Amino acid sequence: MRTDWEAAIAGRRSSPTTCRAALRRARARGTPADCAARIVEMTKLGVRNLYLMPLLTFGLPEPEIAAFRDVVFPRLREAGLRGAR
């Protein structure tokens, strides 16, 4: 029986190289516009769900929420990835 850790490692080995590369780039920090561009790129590779982790884990992610509201979501709408308001 494999542990969850072993399954995660096995899954990593079987994921497409381009998808793994996109995920590595997505973990990098950047501007909200960079984030939106990476989400668009990852969507083209088949990624449908993301986990967003704020830089500070002990407080409310107010700067991140504002960045998504003001920059990321509008750019995703422009790319056709979010419904119009």
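Side-chain atoms are counted along with the backbone in the values below, which use heavy atoms only and exclude waters and symmetry mates. Because the structure is a prediction, the values reported are computed rather than measured.
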Heavy-atom closest pair, residues A36 and L76: O-CD2, 3.9 Å
Whether the side chain of R75 engages the backbone of A33 through a donor-acceptor N/O pair (distance < 3.5 Å, no angle test) should be reported. no
Nearest heavy-atom pair of T43 and R48: which atoms, and what distance? O-NH1, 3.0 Å
Check the hydrophobic clustering (I, L, V, M, F, W, Y; side-chain heavy atoms under 4.5 Å; chains of links allowed) and say if L81 and V71 are grouped together. no
Distance, nearest 0.5 Å, that separates CZ of R69 from CD of E64: 12.0 Å
Kindly give the heavy-atom pair with the smallest separation between F68 and P74, and that separation in Å. O-CD, 3.8 Å
